[in-house]
Protein chains: 2
Amino acid sequence: MPSERPTSRDVARLAGVSRTTVSLVLNNVPDVHISPETRQRVLEAAQQLGYYPDASARRLVRGKTHTIALVWHRGPDRLYRDAFLPGLLQGLTGAARQYGYHVLFRPIEADEPDDAYVELARGRHTDGLILSGPRSDDDALIHLYQDQFPLVLHGQLPETDIPSVDVDNVQGAGAAVEHLLRLGHRRIGMITNAPLAYTASQQRLEGYRRALEGWGLPYDDTLVRYGNFDEESGLRAMESLLALDPPPTAVFVASDMVAIGALRALREHNLRVPEGIALVGFDNIAAARFITPALTTVHVPAFGLGWAAAELLIRLIEGDRPAETQVRLETELIVRESCGAKHSV
Amino acid sequence: MPSERPTSRDVARLAGVSRTTVSLVLNNVPDVHISPETRQRVLEAAQQLGYYPDASARRLVRGKTHTIALVWHRGPDRLYRDAFLPGLLQGLTGAARQYGYHVLFRPIEADEPDDAYVELARGRHTDGLILSGPRSDDDALIHLYQDQFPLVLHGQLPETDIPSVDVDNVQGAGAAVEHLLRLGHRRIGMITNAPLAYTASQQRLEGYRRALEGWGLPYDDTLVRYGNFDEESGLRAMESLLALDPPPTAVFVASDMVAIGALRALREHNLRVPEGIALVGFDNIAAARFITPALTTVHVPAFGLGWAAAELLIRLIEGDRPAETQVRLETELIVRESCGAKHSV
DNA sequence: ACGTGTTACTAACACGTGTTACCCAATGCC
DNA sequence: GGCATTGGGTAACACGTGTTAGTAACACGT
C-alpha cells in the first residue's frame, strides 16, 4: 500500500475546513451545528479521496479496540471441541457484528504457557475475552476477573461467579435417558463423555441419575463407565459393559465421538443396534447423522452458544450490567435410528 | 479495568530514567548502550508495576497492526467449507504465531455487500487478508491488489496472478480415478462436487479425464453428472447414473458430502458398495471415516493450506518477495472400504 | 591544551484521530 | 443600545508509544 493514504487532514484541506469539522461530520456527532453545504463538501471530499479513518489512531484515542477474542485452549478434548468451532464462531461473529465488534481467534498451543492469553487483555489488544475450556487452576484468569476485565467462559468453572455460557447438561442428559425409559428400557447403562474432573461429565452423569430416580429406579454405579473424548475409550467402555451379566438393554453415551467407538464394539460382537442394544449419544456432531445406524443424540446449539457468549461479553464491556450472567441454553433431543423409537412408533 | 493502568511514563518515573530509556530497554533495541544497572532497574520497575505496552499506541506509531484476517464468504458452499474451518484456522494461527501475528476471523454474511471486507484493509485494521471463496466479479479485490495491499486467496481465481493457496485438484482427482483403474474398473462414472463455474470442479473433472486418457480410455461425457455441494444433489446424480445401460461399475464423486448422497441412492436401490458399485470421494471430511462403508477419498490438507496461506501472506507483508506466489499442495489418497481395495488385496 | 571517540542517556517530534474549550458574527429580546 | 443566545466553526490538547537528533561526561592520544 503506497504511503499516499489520505488522512483527515487531506480531507479537511480539500473541503476547505478544519480537521475538527471533518471529524464532526464523518462521525455524525449529534447536537452540533454544521451547515448543510459544509457537511456536503466534507462528504464529497472524503468520497473523492477514498478516505478511511485509521483504525489504530481511533483505538488509541477512544481507548477501545472494538475487538473481542475467542481463546481456544488445547487439551485432550481439542479434537472433540473442533466439531463445535464453526458453529460457535459463526454465532460469535454474528452477534459481534451487530454491535460493531471484530473477533480475534487465539488458540493456545501445547508449547505455550496456559495463560499466554493474558497479554491480549493486559496489552489492550481486545476489550474482552471468551475463554473456551477454562481450568480451575488458572489464577491468571482469577486476577483478570478481579481487575474487572470483561470475561465470559464457554463451559463452566465451579465455585466462581465468572460470567459463563453453557448448555444445560443435566436437563439434556435427563431427556436422553427419559427417552430410553419411555421406550421401555429398565436396565440402562451409561458411558460418560470424559473423566469426572470435567464439570460437563459430572452434570451429564447427574442427569442420568435423576432421570432414573424420577422413574423410581435405583442408581447403580456398576452400570457406569468412563469415556475419555475419543472412540477408543468408547470401545473399551462398551466392551466392559457387555461383560456384565446380564448386560444393559440400552446405553446412554454422553458424547457422540465416544458413542461411535461404542458402536464399533457392538458391531464386533455382532450385536444389532437398536434391536440388541439401544444407544443414545450427546452433542449431535455432524457424523452422528451419517453413521449407520444414525445416532439418536442430544443437540448442542453451538451457534446459539457463540451468539449468547458474544452478546453477554459485549454487554459487560459496554457497562450495562446484564441481569443474568450465567447463561444456560436448552438442548434438543434428536431422534434417529439408534434408540429404536422409529420402530416402536 | 480501572484506569490506573501503568504507562511507560510510570515505569520511567519509578526507575528514575526517561521514557525513551524504558522503550529502548523493553524493546531490546540493538546497538545502543545502556548500563546493566539501569537496564535492571527498568526491568524491575516494569515488572513491579505490571506494565504491558498499549497495543493501540504501538500500532499507530509503527504503522503495523501485526494482524491478518481470514475473510470467509458465505455462499452455497458454506456448509461444505465449514468442514475445513477448524483445520484451516489452526494452520493459519500456527504460522501467524511464529511471526508474531494475530488472526481475525471475518465472515461475510448474506445481508452484507460482498466487498464488506475492504474496510478491514483500507481502514488499516489488518496488514493483509486471506480470502476464502473469491469471486472473479469482485472488483474491490482487483483494486486492492493493484494498490499493492497484501492478499492471498484460498482457492483460485483464473486469469489473475494474485497470490493463492490451493490443493492440486487435477492430481488429486487423477490419483482417485487411477486407483479405480488399477482395481480393474473400465466403466467409471463421475459426479462433480459443484457446477463447472467453480474452478475446483473444472480441475477435478480434468483430472478424471486425464487419468482415463492415460490408460487409453475415451472420455465419455454421458458418464458425467454435476453435483452441487450437498447430499441431495449426489443422490439425484447417482440415480441418473444408475439409469444408464449398463451403469458404471465405479464412480468418482468429487466431494464427500455429495458422495454421501450417492451412497444413499445406492442403498435405496439395494446395491452393495463396493461389490455392486465402487466409490471414491474427495475432501476427507470427518464423516467419511464413520459412514458405512467407510469412504475411500482424497485428503485435502486443511491445516497445511492454512499454514501456507499465512506464511505466504506474512512474507508479502514483510516485503521479502517470495519466489513462488502460487502454492499448490499435494493431496493424499486415503484407502478405506468403499473402493473395494481392502477385499482385492 | 585540544580534538576525537565513546558511553549513557534524554528532549522533542511523529503517528492520526476524537474532543473540549473557545471564538466570532449574527440574531433576538427588553 | 446593551446584553444574552445561537449558529458555525476552529485551535489546541490528549491518547501512549517508537525513534531521531542531540548532549553531557569522560577517556585517550598527541
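In what follows, chains are A, B, ... by sequence order, proteins preceding strands, each numbered from 1.
Less than 4.0 Å separates DNA chain C from no heavy atom of any residue of residues 32-42 of chain A.
Side-chain to base pairing of A/Arg124 with D/dG16: no donor and acceptor N or O lie closer than 3.5 Å to each other. In the interface, the side chain of B/Thr21 is not paired with the base of C/dA8 through any donor and acceptor atom under 3.5 Å apart. The base of D/dT19 does not come close enough to the side chain of B/Ser23 for any donor and acceptor atom to sit less than 3.5 Å apart. Contact annotation: side chain of B/Arg59 to base of D/dT17, donor-acceptor pair absent below 3.5 Å. Side-chain atoms of B/Arg19 and base atoms of C/dT10 include no donor and acceptor less than 3.5 Å apart.
Closest to the side chain of A/Val61, from the set D/dT17, D/dT19, C/dG18, is C/dG18. Between D/dC13, D/dT17, C/dG16, one nucleotide has an atom nearer to the side chain of B/Pro53 than all others, and that is D/dT17. For B/Leu60, the listed nucleotide lying nearest its side chain is C/dC15; candidates were C/dC15, D/dT17, C/dG18. The listed nucleotides are D/dG16, C/dT17, C/dA11; the one nearest the side chain of B/Thr7 is D/dG16.
If you take CG of A/Asp54 and P of D/dT17, they are 17 Å apart, rounded to a whole angstrom. Following rounding to the nearest Å, A/Arg62 (CZ) and C/dG16 (P) show an atom-to-atom distance of 17 Å. The distance between atom CG of A/Leu24 and atom C1' of D/dG7, rounded to the nearest whole Å, is 14 Å.
Helix bend of the helix from C/dA1-D/dT30 to C/dC30-D/dG1: the angle between its two end axes, each built from five pairs, comes to 60° after rounding to 10°.
With respect to B/Arg106 and B/Glu112, a salt bridge is recorded, a charged nitrogen being found less than 4.0 Å from a carboxylate O.
For the atom pair CG of A/Leu89 and CZ of B/Phe105, the computed distance is 5.0 Å after rounding to the nearest 0.5 Å.
Ring planes of B/His154 and B/Trp72: parallel class, angle under 30° (limits at 30 and 60°).
A/Pro113 pairs by the side chain to side chain contact (heavy atoms under 4.5 Å, CB included) definition with A/Asp115, A/Ala116, not counting sequence neighbours.
Checking side-chain atoms of B/Asp127 against main-chain N and O of B/His66 turns up a donor-acceptor pair under 3.5 Å.
Taking only side-chain nitrogens and oxygens, A/Arg58 never comes nearer than 4.0 Å to OP1 or OP2 of C/dG16. The side chain of A/Ser8 places an N or O atom within less than 4.0 Å of a non-bridging phosphate oxygen (OP1 or OP2) of C/dT17.
Looking at heavy-atom distances under 4.0 Å, A/Val17 makes contact with sugar-phosphate atoms alone, never a base.
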